[in-house]
Amino acid sequence: MTPLLNTSSLPFCKGCGHDLIAKNVAKVIDYLKINVFDTIAVTDIGCHGIIDKALNCHTVHGLHGRSTALAAGIRFGVLSPEKKIIVFVGDGGATIGLQHIMEAARLNLNLTVLVHNNFLYGMTGGQSSGLTPTGFATTTSTDGNPFTGYDLCAMSFAAGASYVARIVGIGDISKTIEKAITTNGFSLVEIMEICPSYGIKLNPKRKFTEIVEASGKPIGEWERNRAPFDFPKWKKTANLFDKLPKAETLKSTKLETPVSIVLSGSAGEGVQLAAGILTKAAMTEGLEITQKGSYPVTVGVGFSTAEINLSPSEIHFHGIDIPDYAVITSTDGLAHSRKRIEGMKSGVLFIDKSLPVPTTGAKIEQLDFRSIGARDSSLFAAFVFAKKTGIVSVDSILNVIINDGKADKLPLEKIKEALATV
Amino acid sequence: MNKPDTSKRQIVDGSRIMIEALARAGADAFIGYPITPANLLYSYSAQRIPIMLPAPDEITTLQWMSGLALAGHFPVTATSFPGFALMIESINMAYMMELPMVIILVQRLGPATGTATCGAQGDLLLLKGMMSGGHPTPVLCTSSFEDIWTLSAKAVEVAVKLRTPVILLTSKEEVMTQKSFDLSTLPEIKPVERKFYSSEEPYKPYKPVNYVPEFLSVEQNKHQVRITASTHNQAGILMNTDEEALANTRRLEEKVRHFLPEYTIFEHYQNQGASNLIVAFGVTAGAAKDAVTQLNKAGVPTDLLIPKTMIPTPEGYLSIMGQYEKVVIAEENMNNQFGELIFGLKKAPNQRFVGGLGKMITPQQIIKEVQS
């Protein structure tokens, strides 16, 4: 019995290295005089994981192979290095949870991971793991493992761990465990063991030390001086609503029933910007709006479409199947909205005059949107829409641009000139 | 219809409202992994939530959240089906460990990677069955900006009170569409109060007090805390299938059901003498509202039920739906998941279904079914 262990009879098979690891951890906690309630043991599924019942510290027993990630989460919440977080994981758990170990090492989280590497999955019947040495016989490779095992220590160290060691689980291993537990950063100790139930039985003529040597994984320790994880000094806002601009109502709308508009053009031609200006202008006239964009996943190429609803009353349904107005400024936009245009039985299609006009029941207005230059064609189209329909006034759009400080960045004079000819 | 005060309106999306509400209710940690259409929730969290960390995958996401919850924090994440699928085993773990947290599930078109930029309502039955053993996890579903605000706060409250993960169900169109909205109309959200075990007696992490065990962080050093995902007794010790351990597992389900009246949330709009009822939740509730308005204007008295507490499913929905000659359930999937949740495979004689795949259901589709 020690402060950490509530029994000297641990629940492992006779001769299992897990017993040695637990007792050496207990020895270190005792020697360093660490309060057991300042110690958090995180275990998972595997024979090693049943240790938690014998521990007097905080114990957290999670999913197979996820203990390092679960411990990482605890460390994010408990940064004080006085709190010791020790992960107990097997070679199977280290295989399925490899990403979790690499991530904790990369961030150099102050954790100690003890890898109980007995070269196989003991709890489930002795199958090979990602850490099984080449040639080692298991129940799933009785002629010897044909694959190479991961060098977990080299990988963890390369990922950024402060301290990594590989040791043989024989005799007193407390000094290495002490070094790991007192490291302020990520530490991992891979303890090579042999499973008395499967490892010895399946490899009867081999000596443990020879198996370790034949594994090709060097015994040793690797360390670097690196600051442990701390939270970056990120700037946070106290209220996500603070910086949202208000759109005050400056005049009354003439619109009596809701209208839906599809503005469709090409990426990089200001479709979403134009839609945003148009909807904000509509709001200054008291209208309710909805706006959503659609574009390919590679946002910088192909079509860009904005779907807009304007309504004098609250909008509940904002989907647009067939719009009342379609405003098309480019070939990409036409291709994306063609079906909708063909489905229009009324309403108006405003389309750049360079484009072929699809068969549609909408009234057709062919206009030279692109004369202003491709980059501003969508904004110009929004102005033309306003002038032609009167749903939103041209002055309201101009006011939004000026009030939002965008007047210098947009060719307003050129737009006004072109608009005069429409 | 009353005209809202237009002088205070802003252009806002549901993601912003959701994260602000969660933060005000006490969510102090967000673990993120990018996925469309949940990305706005992630980026707003980076601006707003005190602890925000990018995880390398969604299994890690849930594990980090669980660790933070063990340390007394309140974690949140947001994902869509592909990420949620990876989380399920870990959500089972958090449920078994009894860790409060909120997982936002933004539905999109599946199966598999489906169409990331297209909304859907296809994950309800997945949520119904995601817990091994079929134990219910509270699922609240938003259907308007007001809901996004109040249900987000409610999700935190339920998660804390019941010590359980809560799923906040929404969909692409609800969290990505910009709308004019008067944010000043939203009610105040007060931080959810956390109570921690304070007795001198040794702590039993799974000893229930009115169904729910008191919580204690692993950060304190006064009492030992034992937490486990395996079948365990009140002390948190793995006990296979002994009676005390099985009673503990039964309690997990019982607590979620026992407190259901406290988080049963729905809207039932009633007109006198209506024989038709439209049932819609989530994104389809907007179309249903318009359909009801138009039907009543046209002299077809029709009522509306918008369920918001989806799981456990309140029995009251069944009795409401039993009062009508015709019940039209509209949801954006092709297999009537809510209908199956309520009626099972034996279709009720008054039950009709309006489905959709890859497209929002329109008010006209619903009206047509009511009038058919």
Side-chain angles (χ1 to χ4, degrees), chain A residues 35-38 40 42 50 52-53 56-63 66 69-78 83 99-100 102-103 231 234-241 244-249 276 279-280 283 286-292 294 297 312-319 321, chain B residues 1 3-4 6-12 16 19-20 29 44 46-48 50-53 56-57 59-60 63-68 70-73 89-90 93 116-117 173 176-180 183 218-219 221-230 237-238 286-287 289-290 359-360 362-363:
Chain A
N35 180 349
V36 287
F37 292 166
D38 285 330
I40 305 157
V42 185
I50 53 177
D52 58 345
K53 195 155 64 168
N56 287 327
C57 61
H58 298 316
T59 61
V60 180
H61 181 80
L63 302 181
R66 310 299 172 199
L70 186 54
I74 296 172
R75 182 53 90 195
F76 289 135
V78 183
K83 303 285 178 183
Q99 169 73 72
H100 306 313
M102 294 304 115
E103 187 69 8
F231 286 104
W234 275 321
K235 254 198 199 163
K236 298 282 176 182
T237 174
N239 185 344
L240 283 170
F241 299 158
L244 279 180
K246 285 196 169 68
E248 277 182 50
T249 308
T279 51
K280 203 166 176 193
M283 282 176 71
L287 289 170
E288 299 295 338
I289 70 103
T290 73
Q291 184 197 335
K292 68 175 177 184
S294 59
V297 274
S313 57
E314 193 182 349
I315 302 167
H316 299 118
F317 173 70
H318 68 260
D321 188 10
Chain B
M1 192 178 296
K3 263 194 121 180
T6 53
S7 65
K8 291 177 185 162
R9 293 174 311 154
Q10 289 162 301
I11 299 178
V12 65
R16 187 179 287 271
I19 295 302
E20 183 61 31
Y44 293 145
Q47 296 168 35
R48 178 68 171 92
I51 294 175
M52 196 296 295
L53 290 158
D57 60 73
I59 295 176
T60 306
Q63 292 292 329
W64 285 4
M65 286 169 69
S66 299
L68 280 156
L70 285 162
H73 290 276
E89 187 195 15
S90 299
M93 181 193 82
T117 50
E173 295 291 343
M176 288 190 71
T177 303
Q178 306 268 334
K179 291 182 188 177
S180 49
L183 292 163
V218 293
E219 187 172 23
N221 58 11
K222 199 167 171 183
H223 299 285
Q224 185 189 26
V225 176
R226 284 192 183 281
I227 298 290
T228 175
S230 297
I237 293 181
L238 185 149
K289 279 182 189 169
D290 282 353
K359 230 181 219 182
M360 289 170 79
T362 64

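In what follows, chains carry the letters A, B, and so on, assigned in the order in which the sequence lines appear, proteins first and then strands, with residues in each chain numbered from 1.
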Item to check | Listed partners of A:His58 passing ring-ring contact (aromatic ring centres under 6.0 Å, His included), at least two apart | outcome: A:Phe37
Checklist entry - Looking only at heavy atoms, which two atoms of B:Met360 and A:Gly319 are closest? And how far apart? => result SD-CA, 3.5 Å
Checklist outcome for this item: Bottom line for A:Phe231: the part with an atom under 4.5 Å from chain B's heavy atoms is side chain
Next on the checklist: Let's test your reading of the structure: which of A:Thr279, A:Thr290, A:Asn239 forms the most heavy-atom pairs below 4.5 Å with chain B?
Outcome noted: A:Asn239
Next on the checklist: For A:Thr59 and B:Arg226: C-alpha separation, side-chain torsions, deciding distance, then whether side-chain hydrogen bond (donor to acceptor under 3.5 Å, both in side chains) applies.
Outcome noted: CA-CA 5 Å; A:Thr59 61; B:Arg226 284 192 183 281; 3.2 Å; yes
Checklist outcome for this item: Pair count under 4.5 Å, heavy atoms only, with chain A: among B:Ile59, B:Ile19, B:Thr60, B:Val218, highest is B:Val218
Item to check | Proximity breakdown for A:Ser294 and chain B, heavy-atom pairs closer than 4.5 Å | outcome: neither
Next on the checklist: How long is the straight-line distance from CG of B:Asp290 back to CZ of A:Phe317, given to the nearest 0.5 Å?
Outcome noted: 8.0 Å
Next on the checklist: Out of B:Ser90, B:Ala287, B:Ala71, B:Ala29, return the one with the most heavy atom pairs under 4.5 angstrom to chain A.
Outcome noted: B:Ala287
Checklist entry - Which pair of non-hydrogen atoms, one from A:Gln99 and one from B:Pro56, has the smallest distance, and what is that distance? => result NE2-CB, 3.7 Å
Checklist entry - At a heavy-atom separation under 4.5 Å, does A:Lys83 approach chain B through its side chain, its backbone, both, or neither? => result side chain
Checklist outcome for this item: OG1 of A:Thr237 to CD of B:Glu20, rounded to nearest 0.5 Å, is 7.5 Å
Next on the checklist: Quick check on the interface: out of B:Lys222, B:Met176, B:Glu89, B:Lys359, who has the most heavy-atom pairs with chain A under 4.5 Å?
Outcome noted: B:Glu89
Checklist entry - By a 4.5 Å heavy-atom criterion (distance strictly below it), what part of B:Ala116 contacts chain A: side chain, backbone, both, or neither? => result neither
Checklist outcome for this item: In terms of heavy-atom pairs under 4.5 Å with chain B, the winner among A:Asp52, A:Val42, A:Leu63 is A:Leu63
Item to check | CD on B:Gln178 to CD on B:Gln10, rounded to 0.5 Å | outcome: 12.0 Å
Checklist entry - Excluding sequence neighbours, so at least two apart, what forms side-chain hydrogen bond (donor to acceptor under 3.5 Å, both in side chains) with B:Thr177? => result A:His318, B:Glu173
Next on the checklist: Less than 4.5 Å to any heavy atom of chain B: does that hold for the side chain of A:Glu103, its backbone, both, or neither?
Outcome noted: side chain
Item to check | Between CD on residue B:Gln47 and NZ on residue A:Lys235, distance to nearest 0.5 Å | outcome: 12.0 Å
Item to check | Residue among A:Asp321, A:Asn56, A:Val36 with most heavy-atom pairs under 4.5 Å to chain B | outcome: A:Asn56
Checklist entry - Would you say B:Arg48's side chain and A:Ala238's backbone share a donor-acceptor pair under 3.5 angstrom? => result yes
Checklist outcome for this item: Of the listed A:Ile50, A:Leu70, A:Ile315, A:Val78, the one with the largest count of heavy-atom pairs under 4.5 Å with chain B is A:Leu70
Checklist outcome for this item: To the nearest 0.5 Å, atom CD1 of A:Ile74 lies from atom CD of B:Glu219 at 11.0 Å
Checklist entry - Between A:Asn35 and chain B, which part of the residue has a heavy atom less than 4.5 Å away: side chain, backbone, both or neither? => result side chain
Next on the checklist: Is B:Met52 close to chain A through its backbone or its side chain, or both, or neither, when contacts mean heavy atoms under 4.5 Å?
Outcome noted: both
Checklist entry - Relative to chain B, which segment of A:Ile40 carries a heavy atom at a distance below 4.5 Å: side chain, backbone, both, or neither? => result side chain
Item to check | Engaged part of B:Leu68 at the chain A interface, taking heavy atoms whose separation is under 4.5 Å | outcome: both
Checklist entry - In terms of heavy-atom proximity below 4.5 Å to chain B, should A:Ala71 be classed as side chain, backbone, both, or neither? => result neither
Item to check | Most contacts with chain A, counted as non-hydrogen pairs under 4.5 angstrom, among B:Leu53, B:Asp57, B:Ile237 | outcome: B:Leu53
Next on the checklist: Main chain of B:Gln63, side chain of A:Arg66: is a donor-acceptor contact present, judged purely on distance under 3.5 Å?
Outcome noted: no
Checklist entry - Given the options A:Lys53, A:Lys236, A:Lys280, which has more heavy-atom pairs under 4.5 Å with chain B than any of the others? => result A:Lys236
